[in-house]
Structure formats: structure tokens, C-alpha cells
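Okay, so here's the structure we're looking at.
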Amino acid sequence: MPPETKDRVDALLEGLNPPQREAVTHGEGPLLILAGAGSGKTRVLTHRIAWLLRTGRARADEILAITFTNKAAQEMRERVELLVGRATRAMWVMTFHSACARMLRADAHRLGYTRQFTIYDAADSRRVIKKVVDDLDIDPKRFTPRAMQAQISDAKNKLRSADDYRGLVGSFFEQTVADVYEQYERELHRANAMDFDDLLFRAVNVLELFQEVRDRYASAFRWILVDEYQDTNHAQYRWLQLLSSEHRNLAVVGDDDQAIYAFRGADIRNILDFEDDYPDAHVVRLEQNYRSTQIILSAANAVVSNNRGRKVKSLWTEVGEGDPIKVRELADEHAEARFVVAEVERLVDEGVSRAEIAVFYRTNAQSRVLEDMLVRAQIGYQVIGGTKFYERAEIKDAISYLTFLVNPADGGAFTRVANSPKRGIGQTSLSRILAHADTTGITPWEAAEHPEQVPMLGKAAQKAIGRFMSVMERLRERAAGEAPVGDLLEEMLRETGYTDALQAERTIEAQGRIENLEELVRVAREYDATAPDETRGVGEFLQQIALLSDADERRDDEGLVTLMTLHNAKGLEFPIVFMIGCEDGVFPHSRALDEGDVEEERRLAYVGITRAMRDLYITYARRRNAFGANSFGVRSRFVDEIPRELTDQPDRNAVGIGRPAGSGRVASWATAAAASAEALGGRREPDGAGQVFRMGDDVIHAAFGDGVVTGVEPGGIVVVRFAGDRSERKLMADYAPIRKR
DNA sequence: CGTAAATGTTTTTTT
DNA sequence: AACATTTACG
């Protein structure tokens, strides 16, 4: 190695601790990196890639790096480029699904798909399943499409085909699933479409069935690196196995304590058994945490240590003790939101940037109350997840138009756009056209091209279809002529009258939709400008956006408070973290309790806690609006698993809805309500006269307005923080003009 | 064929 | 409570 190169390699290793360095400089052979939360695993991955490149062990096109989100992939590529000082376009850094889609574009023809195959999202797939259930005369009440979909997805994640599944049938339910699965596969194939699970499944199929494809990739990818390995499923495991079969340079990074995707088929054994699969694997443990205070780490450790069957690890930090964890009980979800918002305002006053603050919750629905409150307080925020941009009706419509242009077999896309905007093509006409295509073995596009040949189709419908298709024909020529996607999209929105129809509505919502479509055009133009030549085109654009996730939309430089589910929080860190809704039934989720998946929920708690660098707030509510009805809650068991001395509420059981001493669990809302009443004891509000105030109560003051009780002191004094001027005042409960809301 | 009202269903987490 | 889907009517 020339001395100059050696210096640059040494520079790469500077600032790494010994185990990190060991992982980065591991040579040939399998490598397992057990990386505790905040132990710098991303740093290790990027430095390892840079090291492989710098030392000449790898060319960029010999590296395959798998990340969990597209955003993470992009960041990883940028960081590697910074380290090695040049572009790394040839390197494959992407998610499992993106990598598989890319491989399938090249080789799907071997399985009877074209390279323009459509990627169906969960909603598209659900629609197909519904149709199948309907066609097969199955009672959708007994066999809900939702359950069917879950079963099929599960099978695919285990690499079980419809045939395989049928062979394992053990009940009437499964028998029915087998029928649906089989027909579903036929429908997808006929539409030249794949669902998310297919991308992995079919990619494995191609590698297994075609030796030359396997050889091509297995020899190309000399170095493979995988992040978040604890959340891989069997199909992903097999895919990696096939790709790494030749060089065996597979490096995986993960933490079994952060496995939170079992519900999606992830198999924690993939990481636990790595050393059995690769007996010669080199194992590195990263146990020094660079992120959180000792108190936060201790809390996380205490909680997760209640799980069994984990690889024992001991995280430590040099960051220092830090502040106690702030635990708050609030009256209901509104008081909870008010507390969070008031605290955010206080922190911002202290000079904290909003971008340093995140709020985590178990389910997306919980963001709503919080959003209301943030809007009122005029605090900028972003919500990750929930209703996604690409799931909005108008965006789906626009995408379906493009999809139908490039994939004329996609009857789903056709159905979606044919009568949107309204042009007099109803459900009946559509069904006739699709049935005609079905029976004569032509594509929906071809059938629609010749409406006069469709049996039973009315004259008016024929004319409407004709007009629609002549627009589509023109657009298709433009698409084939490799027009930029942005131009094509704009033309489409204009020519089909889509924008005009929205404009005609003259409503604020329609205006919002138009703005969303403009945003989509902007995304397309961005794609036109940045996509490498070889991957340009409508088809590729569509496949790429189909694989975008919520997490990819996250922005971290615009001074916004971030709201997201605990699942979306994986891999991120924030100086200040709020975990809200910490009640049994909400978190851990009641469904998980029913199904005995408490350990996964606990890992979710571990993930949430370990995102916090400096300050952690945990809140729970006594009362919460579940289905329109109020339910009473009990503090989450996870809160009680945090040693009290790590919190600012060492005697928190003295007041409020503490878990009844000695009782193990409270699993249902019914028993929860009883337990709550018991815990409240004689402290329930008297009707009418003399009010009793508790921490978290919402109050209205005649002069100061809305507020929340932040403390109760002897002598009938209550401490109230007011939303209006954010002041905190001590008031005499009996004399001050305050009442509960 | 399209709209409006009525009914039923929904809340886990997501690539 | 909110939303989607179904049903009834114009």
C-alpha cells in the first residue's frame, strides 16, 4: 500500500473505538455486528464501505448495501461519498424491496412479467383479494379480505407458493385461503402486477430457478452489508443467502432487542442463529452508547431485561447521568396533548430547536389530538406516516393513469381512471369491458380500444370509452417517445380534464388536491433531472415511488417538531423525546396483549426510550376516548418497569391510577376500569360542590383561560399552567375562579 | 348512471 | 367519531 493511501486509510479509522474499528476492518468472511442502540452502527457501516473502497478490496459495483428505508440508503451513500471523496453511483445502496425490483426489471420476463410490471401496494392488493373473494362466492364476513391478505402475505414471506400452501392446509379456513391465494396469484399475474411480498418472493424464484442469473449476481456482489438484520424475514434471509453464496462476504448489523416487525414476518432467529448458519462468522459487539444519558440507558435496560431469550448485552455511556425521566399522569388525551405542547413551548423558550423534539405514539390515530393542539399553539410540526402522500385519491389517480399507459394489462389501474373525472363510464360498463378482456384473453387496454366489440355495451358508453381511449392513445405515444415524466404527467392532467374537473369544484379541498398534484409533478421533474440515463422512464419512476415509505418523507432541517409511531422511530435519535399514551391496552397494544406478543411491544418501548438523547417524557392518561366512548386506562406496565429513582416521580404510586399493588396484569378495558375506580378510591369527584383537583386536570380560569393542573399542594393550593401566556400560577382551589373542563 | 342517505366497520405497527 | 361501502332513489 502506498504511504499516501495508508494515511488516508488511517484517517478513516480515526475516532472509532476498538470494536468499531474491528468491524470496519474485518476482511473476508461472514461478519455479525451486534450493535446496541446508539452504538454508532451507521458509522461503522459507512466507514466499512469506505474502507473496502479505499483499500482497494472492493470496486463500487461490487458492493450491495441494504438499509431499512430509502432515506437511510440515500444518507448512507452521501456519507460514503464524503468519506471517499467521489461519486459511488455504481454501488447498490437501497432497501430489500428496491433491490429486488431492480433485479426483476431485468429478469422478470423469465417469470412471464414484462419489465413494466406494476407494483401493487397494500390497498391495491386488498382490492384484488376482495374481487377474488367475491368471484369465488366466499362469504366476506367469515373470511375477511383483511385476514386473507395477512395469511397470503405471511405465506409469501415464508416463500410458500399457493401450491405449497395448499399442501399444508389443516382447516377449512386455510382451505379457503388456499383457494383465494391461488386465484389471487392468477389475477396478479394477468395484470402484470406484483405485490410487495412478491418482489422478494419472485426475486428469490429467479435466483433459484436460473443458475445464470444467480451466478451473475452472486459473483458481482463481492461484498454485502445489511442493516437492521433483526427485522429480516425468511424471504430476505434466503435472498441474502443466494447472493452471498459465492464470496461469503456477508456483514449483518442488528440488535435483537430492537426486533419489532414480527407481525410482518420478520424472524428474530435470523440474527440469533447467524452464528449457526455461519460457524466461521466473526462477531463484534458494539456496547458503548454515544447517544443517551446514563439514566435513559438504565431505564431502557431495565425495561427490556424483562424479556427472555435475548442476547445479553450491557450498554454503557460516558455521556453522564443526565436528568430524571419525566413521568406525567394526565386526565385524558386532551390534557396529555396540552401538557406536551406546553412543555414544547417552554423548551423552545429555553432555546431548544423544535427539530430536536419528537413525540412517539403507538398508533397513528393518536396523532390527531396532538395535531389540533399544535396547530392552535402555532408550533410547526411534521407527521410521519398516517395518510401518506401517495395514498391520496388524486395522487393514486394520477399514478394509475401513468400505470395504465405503461402496463395495459393492469385492469385495476384502468378501473380507477376510466371514470375519474366523470365521463359517463359506469361500473356496469367497466365490468363488461373487463369481462370481455378476460374471456378473449386480451388486455383491458385492447378491449377498451374496440368498445364496439364488447358485448352488451351501450351506445353512450361506447362513445365515452372511445373518447377516453383516444386521449390515452395520444399519451401513450408520448410515453413511448420517452417524454420526460414531468411533462407527460402535466399533459395527462390537462388532456384528461382531471385538473379542470377539480377546478370546477371550486372548493378548498379541490384546491388542496390540485396542489398535491403540482407536488407530484415537481417530484417527477426532480426524477427526470436526477435519474441516471439507464434507469429513466415512466416505468422506472412508477416502480420507485411505489416503494417510497413514510420515513422517506422525513425532513430534519426545517425546525419542525416530529410526530410518529414508535415503529417509524427506529434508527432515529432526538435530544428530547415524548412517549405518549403509555397505558396498558394502548401501549402495549390490547391486540398484542390478546395474542401474547408483549415481548415485541416491550422491544418497541426499548426502541422508543433509546431514541432519546437528553430528555425523556413519558405520559399516560386516566381516561381516553376510544371508539367514541370513554375508557379508563391503567398506567402501562412498561412505565412500572422503569426503576422509580430514574424518574422525577419517586412516590408516584401515592396518587392517581397506579397499578394496584401486587396485581400482575390488567388485560382488558373492563377490568381496567374497575382497577382504576379502586385506585382512585375515595378521591372521586363529588358532584356539585367543592372541587378536587388532580395533576393533569384541564381547567378554565375566568381571567387566565385554559390551563392544566401541574401540581397540588397542601392547604388547597393548586398549581396551574395556563395555555394563554404559558405562566404557572398557584391558586387557592376554593376561592379562585376556576372550574374543571 | 349518479347522488344521497343509510348502514356497517373500524384501530396496531409497515416495506 | 370517522370512514367506507352499500342501498335507495331521482
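Labels below follow one simple rule: chain letters A, B, ... track the order of the sequence lines, proteins then strands, and each chain is numbered from 1.
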For this session: Give the ring-plane orientation class for Phe263(A) versus Tyr261(A), where under 30° counts as parallel, over 60° as perpendicular and anything between as tilted.
Result: tilted
Exercise. What's the verdict on side-chain hydrogen bond (donor to acceptor under 3.5 Å, both in side chains) for Thr565(A) and Asn364(A), showing C-alpha distance, side-chain angles and the deciding distance?
Worked result: CA-CA 6 Å; Thr565(A) 61; Asn364(A) 282 305; 4.9 Å; no
For nucleotides 3-10 of chain C, print each protein N/O atom paired with a nucleotide N/O atom at under 3.5 Å, atom names and distance only.
none

Problem set entry | Heavy-atom donor-acceptor pair, Asp267(A) side chain to Asn233(A) backbone, under 3.5 Å | no
Exercise. Using atom C1' of each nucleotide, how far apart are dT11(B) and dT6(C) to the nearest Å?
Worked result: 22 Å
Exercise. Taking for each residue the nucleotide of DNA chain B with the nearest heavy atom, is it Ala461(A) or Ala592(A) whose nucleotide lies nearer the 5' end?
Worked result: Ala461(A)
Exercise. Okay, side chain of Asn407(A), backbone of Asn192(A): is any donor-acceptor separation there less than 3.5 Å?
Worked result: yes
Exercise. If you measure from the Lys or Arg side-chain nitrogens to the Asp or Glu carboxylate oxygens, is any gap between Arg602(A) and Glu641(A) under 4.0 Å?
Worked result: yes
Exercise. Are Thr619(A) and Glu336(A) linked by a side-chain donor-acceptor pair shorter than 3.5 Å?
Worked result: yes
For this session: Under 4.0 Å between any heavy atoms, over every strand shown, what does Tyr261(A) touch: base, sugar-phosphate, or nothing? Just pick one.
Result: sugar-phosphate
Exercise. With a 4.0 Å cut-off on heavy atoms, is Thr428(A) in touch with a base, just the backbone sugar-phosphate, or nothing at all?
Worked result: sugar-phosphate
Exercise. So what does Ser429(A) hit on the nucleic acid, given a heavy-atom distance under 4.0 Å: a base, only sugar-phosphate, or nothing?
Worked result: sugar-phosphate
Problem set entry | Nucleic acid contacts - residues 359-366 of chain A versus DNA chain B, non-hydrogen atoms under 4.0 Å | Arg362(A), Thr363(A), Asn364(A)
For this session: Considering non-hydrogen atoms only, spot the tightest contact between Ala99(A) and Trp92(A) and give its length.
Result: O-CZ3, 3.7 Å
Seminar exercise, completed: Closest to the 5' end of DNA chain B, once Lys422(A) and Arg264(A) are matched to their nearest nucleotides, is Lys422(A)
For this session: Heavy atoms of chain A, cut-off under 4.0 Å: which first and last nucleotide of DNA chain B, 5' to 3', fall inside that, if you could look?
Result: dC1(B) to dT15(B)
For this session: For Asp584(A) and Arg635(A), work out which heavy atoms get closest and say how close.
Result: OD1-O, 3.9 Å
Exercise. What class does the angle between the rings of Tyr165(A) and Tyr181(A) fall in, given that below 30° is parallel, 30 to 60° is tilted and above 60° is perpendicular?
Worked result: perpendicular
For this session: Select base, sugar-phosphate, or nothing to describe what Arg603(A) touches, counting heavy atoms under 4.0 Å on all strands.
Result: nothing
For this session: Give the ring-plane orientation class for Phe173(A) versus Phe143(A), where under 30° counts as parallel, over 60° as perpendicular and anything between as tilted.
Result: parallel
For this session: May I ask you to establish whether Lys570(A) and Phe68(A) are in a cation-pi arrangement, using a distance under 6.0 Å from NZ or CZ to the six-membered ring centre and at most 45° from the ring axis?
Result: yes
Exercise. Heavy atoms under 4.0 Å, any strand shown: does Gly424(A) hit a base, just sugar-phosphate, or nothing?
Worked result: sugar-phosphate
For this session: Answer with base, sugar-phosphate or nothing: what part of the nucleic acid does Asn568(A) contact at a heavy-atom distance below 4.0 Å?
Result: sugar-phosphate
Exercise. So what does Asn419(A) hit on the nucleic acid, given a heavy-atom distance under 4.0 Å: a base, only sugar-phosphate, or nothing?
Worked result: sugar-phosphate
